[in-house]
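Here the structure is a predicted model, which means the values were calculated and not measured. Each chain gets a letter, A, B and so on, in the order the sequences are listed, and its residues count up from 1.
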Amino acid sequence: MQSDHKLNDGQQKAVEFNGKHLLVLAGAGTGKTRTIIARAAYLIERGVDPSKIQILTFTKKAANEIVERVKSTLPQSNGNNLSGATFHSWCNQLIVRFPNLFGAASYTVIDPDDQLSIMKMVCGNHNLEFGKLRIKPQELIDVYSFARNTKKSLTESLRQKLFKNRKDGDTDYELKTIKPHVEKLLRAYQAKKAEQRYLDYDDLLLVVATQLKDNQEARSILAQHIEYLLVDEMQDTNPLQWTLLDPFVSICKLFCVGDDAQSIYSFRGADFKNVHLFKDRVPESEVYKLEKNYRSTQEILDISNWLLEKSPIEYNKKLEAIRGTGELPQLVNVSDEWQEANWVADEILKNYTDEDRMFSDHLILSRSQYYAKSLQAVFIRRKIPYVTYGGRKFMQAAHIKDLVSLLRIVNNPYDEIAWIRFLTFQEGIGEVRASRILQQVIEKIDVEEIPSIFQNAMPGEDGKKIAELYESIKEKDDVGKMVDMAYEAMALGLAFRYRRDWEEKRKGDFPVLRLLADSYPTLGEFIGEGLLDNSEQMNGVNVLSESKLNTAENKDHVIISTIHSAKGLEADVCIVLNVSPKAFPSAWSLDNLEEIEEDRRVLYVAMTRAKNRLILTRNTSSITAVHNRALPTPGGQKTSDAETYFLNELPDALVEQKTIAHQFGKVRDAETPNTIDLSSGMDFS
DNA sequence: ATCAAGCACATTTTT
DNA sequence: TGTGCTTGAT
């Protein structure tokens, strides 16, 4: 973040914009976040009621950060009612807060795991093999979600997701054959969702968007609550999100910031051309540009600019560094990912001891969560503190879901997934018996009957206990107490089921869950928003984001993040892992120009995170880019990879290259004589 | 019917 | 790395 407090002219102009709607096109590092923060603060200082300003971002983390920073610029508690949220959690809040308007308040928000289980139930005994094509339930979910997010037809979505956009006779024929089957399954999935009163992530947006679009009264009600909508990362909004925003054009003022060159969510339906259409779609709107980069030195921008120039797409963007020149970026050649990981560890320890840098000055970026696994192993062994961004969500851990399943039943007795999970959690009840009990539940859904169902289902004391537990949880109006009570009842069972790592890993999560629960006023909001809330992982252990909990005992740590989760982050030293052939662009996108270009933007986002030192590592043995088995033999298709590889024509002058010798022990002996590292040259996978 | 252990397998990116 | 599926023992 910039440390000086002055805004430049362009930023100032945007902040004080006096018209109706504004789009700020802001390149990487040009102070996008600062501008949105200053805008919010400006509005509040000008007397706008903070509760009528809604900030929308893509991650909870970004939302919290912006809100905190706005508050810190304002005197006293002026910004206390300012609200920042993701699109999804905002919609969830609206649904809960206006139960009559949206009519979905008693519904349960389900996560992707739950979606998958429903889809599996639906597919059940259907045969999903069509000739050589086999459709997996997860793929059905993806197609369904893609279609709804992009507003594209099923046929078109199938073509894009399942057939990689191929257009030929065979494809058309296959498409025609499978489409009716897919349609039937998706309809069944929808029916099941409705019957059990589930809302998946897309439904959250859809429910709110459709109601606002169709219902004048809904619009005027919300118009009383929201005056200003500030939207971050506009280039990542997809057609569904746009339908959500569209009604607000007539009832409040939009202030959007974005950068077409940083659009990296097309797999979720985002289309960066949307930002180009802003002026056409939004009447009474203007577009401003911010082009001065405050973050990086010129060398870092040179290589980033070079990357964009190589694209067939015109971005009309050339970042210029206000800060002037610095170090040349480094391109480090390694021969496998363990060597890479050890080299990165060496580098960080060297910076820490010799250059007086802190661990937190380092940001390590990888394409996928999976890729950074070996790095994490090395960091743990070599005692480098780190946190990961973009890991598995706290609420998705098995032991947490077990406990939450009971609360979900209380919240929504139609919730079959929760019933199955809770019932099979009981000793001696498997799938068969659980679904039999479920039948009884469905037949007489009367809430009064539920305790007796428990009693009938389970012999003797157990059933009685659970029936009582259900009753007493229902009585509580405090979410934290509900968690306590559920934990009390389930702790023994949990400890037994997860006895392998209960004490070390799982037990400690429950006090955390309790604290999280305390921050939600109702059970519905806890279940829904808790799912949407991001957590960080500290040395492999789940930790909730700092705004929710004061877990910052160790502030100084390296950040390991996927590039997708790193938007808005920046660091003194930024290391981008595995900028190798078959990774940039990824072997998956090789035959698709749009995907190749998206990969280019991904790399661009990664590079522009660096403030002073940018390091790209590259794996020289071409097969390790993805897992060995996923790729043909080494040397197989070198030609096509060589043609598309982004760094292929990289001018020598833009980087300093070095190659790490492939030698056992060279690196580790030199740097850490007293740790024994048995991993070099050994692939344990 | 339930559960644990063993084996095979496949891995973008996120709300 | 973990997780999903089959198998064999209770």
Taking the minimum atom-to-atom distance to the side chain of [X], which one of [options] wins?
X: S368(A); options: dT13(B), dT14(B), dT1(C); answer: dT13(B)
X: R367(A); options: dA1(B), dT12(B), dT15(B); answer: dT12(B)
X: R433(A); options: dT15(B), dT2(B), dT14(B); answer: dT2(B)
X: K373(A); options: dT1(C), dT2(B), dT12(B); answer: dT1(C)
X: H564(A); options: dT15(B), dT1(C), dT13(B); answer: dT13(B)
X: T562(A); options: dT15(B), dT2(B), dT14(B); answer: dT14(B)

Looking at F584(A), does the NZ or CZ of R367(A) lie under 6.0 angstrom from its six-membered ring centre and within 45 degrees of the ring axis?
yes

Taking only side-chain N and O atoms of [X], does any of them lie within less than 4.0 angstrom of OP1 or OP2 on [N]?
X: S565(A); N: dT14(B); answer: yes
X: Q426(A); N: dT2(B); answer: no
X: K582(A); N: dT12(B); answer: no

At a cut-off of 3.5 Å, list every protein nitrogen or oxygen paired with a nitrogen or oxygen from nucleotides 8-10 of chain C, distance to 0.1 Å.
none

Between protein and nucleotides 5-7 of chain B, what N or O pairs are separated by less than 3.5 Å?
| unit_1 | atom_1 | unit_2 | atom_2 | d |
| --- | --- | --- | --- | --- |
| dA5(B) | OP2 | R500(A) | NH2 | 3.1 |

For residues S117(A) and D113(A), is any side-chain donor paired with an opposing acceptor at under 3.5 Å?
no

Can you tell me if Q138(A) and D142(A) form a side-chain donor-acceptor pair at under 3.5 Å?
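A pair is found: one side chain offers a donor N or O, the other an acceptor, under 3.5 Å apart.
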
With sugar-phosphate meaning primed atoms plus P, OP1 and OP2, does F87(A) contact a base, only sugar-phosphate, or nothing at under 4.0 Å between heavy atoms?
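Nothing, no heavy atom under 4.0 Å.
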
Angle between ring planes, F58(A) versus F87(A), binned at 30° and 60°: parallel, tilted or perpendicular?
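F58(A) vs F87(A) ring planes: perpendicular.
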
Rounded to the Å, how far apart are [X] [atom1] and [N] [atom2]?
X: I596(A); N: dT12(B); atom1: CD1; atom2: P; result: 18 Å
X: I560(A); N: dT1(C); atom1: CD1; atom2: C1'; result: 15 Å
X: K161(A); N: dT13(B); atom1: NZ; atom2: P; result: 13 Å
X: D599(A); N: dT13(B); atom1: CG; atom2: C1'; result: 9 Å
X: Q241(A); N: dT15(B); atom1: CD; atom2: C1'; result: 8 Å
X: Y201(A); N: dT13(B); atom1: OH; atom2: C1'; result: 16 Å
X: R148(A); N: dT15(B); atom1: CZ; atom2: P; result: 18 Å
X: Q93(A); N: dT15(B); atom1: CD; atom2: P; result: 16 Å

Do R148(A) and D203(A) meet the salt-bridge criterion of a basic N to acidic O distance under 4.0 Å?
yes

Any carboxylate oxygen within less than 4.0 angstrom of a Lys/Arg side-chain nitrogen, looking at K192(A) and E416(A)?
yes

5'-most by nearest nucleotide on DNA chain B - S89(A) or G430(A):
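By nearest-heavy-atom nucleotide position, the 5'-most residue is G430(A).
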
Earlier contact from the 5' end, DNA chain B, for R436(A) and F496(A):
R436(A)

Shortest non-hydrogen contact between N149(A) and P239(A), atoms and distance
O-CD, 3.3 Å

With a sphere of 6.0 Å drawn around NZ of K151(A), does it hold more than 12 non-hydrogen atoms of other residues, nucleotides or ligands?
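More than 12 heavy atoms, drawn from other residues, nucleotides or ligands, come within 6.0 Å of this atom.
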
Between dG4(C) and dT13(B) - C1' atom distance, rounded Å:
23 Å

Take N1-N3 plus N6-O4 or O6-N4 for Watson-Crick, N1-O2 plus O6-N3 for G-U, both under 3.5 Å. Which runs of 3 or more such pairs involve DNA chain B?
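Expected stems, ordered by start: B:1-9 with C:2-10.
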
Return the set of residues passing side-chain hydrogen bond (donor to acceptor under 3.5 Å, both in side chains) with [X] (not counting sequence neighbours), or none when no residue passes.
X: R421(A); value: D402(A)
X: Q235(A); value: E233(A)
X: R506(A); value: H399(A), D501(A)

Can you check whether F267(A) stacks with the dT13(B) base, using ring centres under 5.5 Å and planes within 30°?
yes

Salt bridge (charged side-chain N to carboxylate O under 4.0 Å, His left out) test vs K193(A) passes for just one of D200(A), D114(A), D415(A), namely D200(A)

Is a donor on one side and an acceptor on the other found under 3.5 Å between the side chain of T108(A) and the backbone of N412(A)?
no

